[in-house]
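Attaching a single structure in structure tokens format; questions to follow.
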Amino acid sequence: MITRRDLIESVGAGAGAALLGAAFPARAEGPAEGRAEGGAGPELSPLLPAGTRAEARLESLPGKKPLIKLTTRPPNYETPIEYLKTAITRNDAFFVRYHLADIPEVDARTWKLRVGGAAAKASRELDLEELRKLPAAEVVAVCQCAGNRRGLFRPHVAGIEWGNGAMGCARWKGARLEDVLNLVGLGPDALEIVFDGADGPVVAGAPDFAKSLPVAKALEKTVLLAYEMNGEPLPHWNGFPVRLVVPGWSATYWVKHLTSIEVVAKPYDGFWMKPGYRIPSGRFPIVTRFPSQDTAVNVPITEILINSLITSHADGAEVKAGAKLVIGGIAWDGGHGVRSVEITADDGKTWVAAELGEDLGPFAFRTFRHAFEAAARGSHTFRARATNRIGQTQVAELIHNPPGYHHNVMQPVTIFVT
Ligand SMILES: Nc1nc2c(c(=O)[nH]1)N[C@H]1C(S)=C(S)[C@@H](COP(=O)(O)O)O[C@H]1N2
Ligand SMILES: [Mo]
């Protein structure tokens, strides 16, 4: 019997090309580098750098399932794709991303949120009980790190070498940011709202993590100060007791362990706004802008680009010939909503429309699936392509940018039928 390993090794040795046909041209440097073999290794994408795959381990943070550990200080853990088959990602498998390693355990009973700032009409402090007394709103929304899939960039770029799992989708519940801002009132010169959390640097002089939003985005009805995630208090690692939820926008704005909100009249120039989290001007099909932060060369990252991920099978999975091959996964975008997902099994020559799952709103993961005829023995490469309601679609070729953001290339998933 020919095993997956034999096939991988034969590709590495330059043999077996006839058997595999054209299935691997885009990934010549992939499979031969060695996979996360053996029981201990997580199912990492074979497209990740060899060093990342050698280092990454499944490891549990308190209260979490084993996740793919990329760094421990600060904690950066990604969600294995087995938890990304559904539209809602479970709290105990939700990815964890921090920039700074001093992460206090916040006590909900003494937690206070300061609201004010130079361009606010007043200032005040709120505790959790007061926040919970404001009208509660809910939204199902994808929280996706700007650098999701950075590890798949060729050539490699510096940063956390994320695979496909620096994202998740949850039902968030909390108070509207608009209602909280109305408690203090916006002055006529209000330009941006600045958000800070309880975590901080361990090294003196390292910049604290704080982010700003333009007033127009901040006042959208879906922007929440969330105290619940999938019907439970937020896990510590995802921002307990309160985090900002900015549906449609990159997770960098979703400040965790929120402690202060300031209304300001000038563009906020903290490190994580500038130079952090910027994309080259004009390179991506961005609709939503953050004009007070724009420069001639770059702009802050804003909305999530249309994307999809096949999660029914890990890349390199083996299936038995004759079994039904249902290819499925999730698709999402920055809030226009997913219109369609198509799948190709022949390198883009033909596409079939996948069936879409339940619509949980324009900011949520949308599941998709399609049952293929039992495929012939050998390797078969599938790609999914999502299109949103304004006609934007995933790219075939990576759009390069130095920080490694916005990777929405159609992902090849190769399945070995044995
Ligand atoms: N306080 C705080 N909030 C933060 C960050 C952080 O380092 N500190 N990182 C941001 C980034 S870049 C991401 S991708 C998301 C990750 O959210 P999660 O850890 O709940 O998955 O949190 C955002 N909010
Ligand atoms: Mo991020």
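Whatever order the structure lists ligands and atoms in, that order sets their numbers, starting from 1. Keep in mind it's a predicted model, so treat the numbers as computed, not measured.
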Requested in this report: Return the protein residues near ligand 1 (heavy atom under 4.0 Å from any of its atoms), ordered by chain and residue number.
Outcome: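 Heavy-atom contacts below 4.0 Å: Phe94, Phe95, Val96, Arg97, Tyr98, His99, Cys143, Cys145, Asp199, Phe209, Trp237, Asn238, Arg243, Ala251, Thr252, Trp254, Val255, Lys256, Tyr277.
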Requested in this report: Applying side chain to side chain donor-acceptor pair (under 3.5 Å) between Lys64 and each of Asp92, Asn91, Asn238, report the one that passes.
Outcome: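 The side chain to side chain donor-acceptor pair (under 3.5 Å) with Lys64 is passed solely by Asn238 among Asp92, Asn91, Asn238.
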Query - Check: Leu309 and Met167 side chains under 4.5 Å, non-hydrogen atoms - result: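 Answer yes - side chains close enough.
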Query - Cation-pi, Tyr98 ring and Lys256 (6.0 angstrom, 45 degrees) - result: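 Output yes; distance and angle both within limits.
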Report task. List in chain and number order the residues that pass ring-ring contact (aromatic ring centres under 6.0 Å, His included) with Tyr83, two or more places apart in sequence or in another chain; answer none if no residue qualifies. Result ->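 Testing Tyr83 for ring-ring contact (aromatic ring centres under 6.0 Å, His included), a comparison that skips the adjacent residues, returns none.
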Query raised in the report: Tyr253 ring centre to Lys211 NZ or CZ under 6.0 Å, with the angle to the axis within 45°?
Result: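 Lys211 over Tyr253 ring: yes.
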Query raised in the report: Is it the case that more than 12 heavy atoms not belonging to Arg289 sit under 6.0 Å from its CZ atom?
Result: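 No - once you tally the heavy atoms of other residues, nucleotides and ligands closer than 6.0 Å, there are 12 at most.
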